[in-house]
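These notes concern the structure reproduced below.
The structure presented is a predicted model; accordingly, all values stated were derived computationally and were not measured.
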Amino acid sequence: MATRLLFIYLISSFFKRSPSNTQPGAATGPLPSANLFMKGAYLDMFVYVSENEVFTEFNKPEFLFWSEFQVVYGDWNSGPYADGSYVKSGEIAITEAMQNNGSIYLHVFFTEAGHSPNPDDTDNYNRLGTFHRSKRLNRYKKKHYAKTMNLLTGQTVATAEEIKKAKEVGSEVLSHWHPNLTINLLDDQTHWVKGSVPPPLDQYIEFEPSTGRYYPAIFLNDYWNLNADYQPINASLQTLTLTLTLAPIASWKWQMYAAQTAKKSWWVSWMDEGAEENDDDQDTVKKAFLDTNPYLLAVTVAVSVLHSIFEFLAFKNDIQFWRTRESLEGLSARTVLFGVFQSVVVLLYVLDNEANTLVRISCLIGVGIDCWKVPKVLTITLDRSGVVPWPRFVYKGSYATSATSDFDKTAFKYLSWLLFPLLAGYAVYSLRDDVIFFVYLYQRWIYRVDPKRFNEFGTTGEMAAGVEPSKAIGDTAMHEETTGKQKSE
């Protein structure tokens, strides 16, 4: 994140530089443009919630969720909390379309104080003094259905409908909801040059064509909404809770959020169009910022950056060494082959544990480099003497005829005396739980539950299930004996 922020900042700083002096009569490019609203200007804000991506229904008050008047642009001390922020909470009625994966949009309009956002209100509408931004509030995520059950109890937490969907579809994309969103109004008076605003900042800077100036950037910020906190929208819900916060934002922080949003957009564009939105990797980063001590976090980031740099240098030096190596004298060929095995095991481990994407990429590159070194120590040919062609591996001549080969063989012989017992012991340790589980299943099979057998209370499993109890000779006699003892007492 820090690297991406620095990159965006350097690019934006380059484009924000004032143009150098030009000779009289020389051709010049577009001039820098100023903000249409100066710091301290009074604005009115209107927030609408609708199912339409483009909002035009200003005359219907049921769509108006929040209106805030006389907002001071760039003021960090106003509001009920004396920090420039305002908060509004409310309920949104759910329609049938929303319950069936329909979209929900937020439309935020800012106008010069005293004016209307409605273009049809000719007396109060000011086009130059009105700017807006929209965002889809709901998020589409894939829900997977499974028919799994507890093998000990034979029960499952899945509902009958979920079990049915597990058999029919396996998974489906559902609309999800998060109740929080922040409306950030950028406090910045930078002179931008039209056509030269660096991405992804250019998505938020809108120029007014007649004056050439630009509107203040509105950033609808849901960065701190964790992916795990989104809840599905279904027929059981009648209303949705929405809490909006209006607050100013500094330029450097806006650039950081914009860079993170752009990363997500680029990633989604590489995926299938119908793929669900997934921010699990970013959730890990967000939780680290929220839950970790700032000093510890700074040390962790520094160590991670240094580790990435050193790992890159190690990859580079390893490739340079083996690319120019002609003789294998003094090198262990068996270590190269064993390194491939180790790298593959580590890669499978990080994939199985769903490690961070950067860690997986690093392990994948390591496996690729180790596999690339194999032809450097082995001559691989295809033996066609048999019925089925079979690959044949022979050590390179510079290794096979050197004393290094003998030392290598001796070292791996002694290493195997320690390695194989450890491997066998770990295999037994890993299988222990599986063996116990199979023993349990065998016991369940040979000692089955008899629903016709009477317990100490004089009832059977059939009675508890509402079934007419079957008469078994041994059980009936025992039941009568038990009943007789109870009567005599």
Side-chain angles (χ1 to χ4, degrees), residues 1-41 43 45 53-56 73-74 105-112 115 117 119 125-136 182-223 247-271 273:
M1 179 189 296
T3 305
R4 192 178 298 110
L5 173 60
L6 179 62
F7 178 73
I8 294 295
Y9 177 76
L10 293 175
I11 293 180
S12 60
S13 299
F14 173 79
F15 283 102
K16 286 193 289 185
R17 294 174 182 170
S18 300
S20 59
N21 294 330
T22 57
Q23 298 295 328
T28 60
L31 297 176
S33 301
N35 196 328
L36 271 168
F37 291 84
M38 298 301 295
K39 190 180 183 72
L43 303 173
M45 183 187 69
E53 187 173 3
V54 178
F55 187 76
T56 57
Y73 176 50
Y105 291 93
L106 185 80
H107 305 278
V108 181
F109 290 82
F110 283 93
T111 67
E112 192 176 2
H115 289 77
Y125 178 71
N126 179 13
R127 185 183 62 82
L128 290 178
T130 303
F131 56 103
H132 77 282
R133 195 162 190 86
S134 301
K135 181 182 181 65
R136 177 161 53 82
T182 300
I183 303 171
N184 286 134
L185 191 59
L186 177 63
D187 177 20
D188 184 54
Q189 295 294 328
T190 298
H191 284 64
W192 293 104
V193 177
K194 186 177 182 179
S196 299
V197 182
L201 308 184
D202 57 346
Q203 302 176 23
Y204 304 95
I205 303 297
E206 180 185 354
F207 290 87
E208 199 285 313
S210 62
T211 63
R213 304 174 76 179
Y214 66 90
Y215 292 104
I218 305 173
F219 184 72
L220 303 180
N221 190 355
D222 62 352
Y223 178 77
I249 188 172
S251 178
W252 67 270
K253 188 178 292 187
W254 166 63
Q255 293 178 32
M256 180 185 72
Y257 287 136
Q260 291 297 309
T261 304
K263 173 193 172 186
K264 174 185 172 182
S265 301
W266 294 336
W267 175 255
V268 172
S269 65
W270 293 340
M271 299 170 64
E273 184 177 352

Gap separating the NZ atom of K135 from the CG atom of D222, nearest 0.5 angstrom
4.0 Å
So, do F207 and V197 sit near enough that their side-chain heavy atoms are less than 4.5 Å apart?
yes
Contact summary for Y204 and A258, nearest pair of heavy atoms:
CE1-CB, 4.0 Å
Would you check if I183 and I218 make a side-chain contact, meaning some heavy-atom pair closer than 4.5 Å?
yes
If only atom types and distance count, is the side chain of S33 paired as donor or acceptor with the main-chain N or O of G212 below 3.5 Å?
yes
How far does OG1 of T261 sit from CH2 of W254, to the nearest 0.5 angstrom?
11.0 Å
Non-hydrogen atoms of N35 and R213 that approach each other most closely
O-NH2, 2.7 Å
Taking only residues two or more places apart in sequence, or in another chain, which ones meet Y125 in a side chain to side chain contact (heavy atoms under 4.5 Å, CB included)?
P119, R127, T130
Qualifying residues under ring-ring contact (aromatic ring centres under 6.0 Å, His included), relative to F37, sequence neighbours excluded:
F131
Find the distance between OG1 (T111) and NE2 (H132) and round it off to the nearest 0.5 Å.
13.0 Å
Do E53 and R136 touch side chain to side chain, with heavy atoms closer than 4.5 Å?
no
Can you sort out the partners of F55 under ring-ring contact (aromatic ring centres under 6.0 Å, His included), two or more places apart, ordered by chain and number?
Y48, F58, H107
Between Y73 and L186, is there a donor-acceptor pair closer than 3.5 Å when you use the side chain of the first and the backbone of the second?
yes
Hey, are the side chains of L43 and L185 touching, using non-hydrogen atoms and a 4.5 Å cut-off?
yes
Any side-chain heavy-atom pair from Y214 and L36 closer than 4.5 angstrom?
no
For residues 30-41, which residue pairs pass the salt bridge (Lys or Arg N to Asp or Glu O under 4.0 Å) check, not counting sequence neighbours?
K39-D187
Distance in Å, I205 CD1 paired with D188 CG, rounded so as to fall on 0.5 Å steps:
7.5 Å
Under a 3.5 Å cutoff, is there a donor and acceptor pairing between the side chains of N184 and Y223?
no
Holding to ring-ring contact (aromatic ring centres under 6.0 Å, His included), I want the full list of residues that pass it with H115, two or more places apart in sequence or in another chain.
none
P32 side chain reached by V193 side chain, heavy atoms, under 4.5 Å:
yes
Residue pairs, two or more places apart or on separate chains, that pass salt bridge (Lys or Arg N to Asp or Glu O under 4.0 Å) and touch residues 192-202:
none
Hey, are the side chains of W192 and L201 touching, using non-hydrogen atoms and a 4.5 Å cut-off?
yes
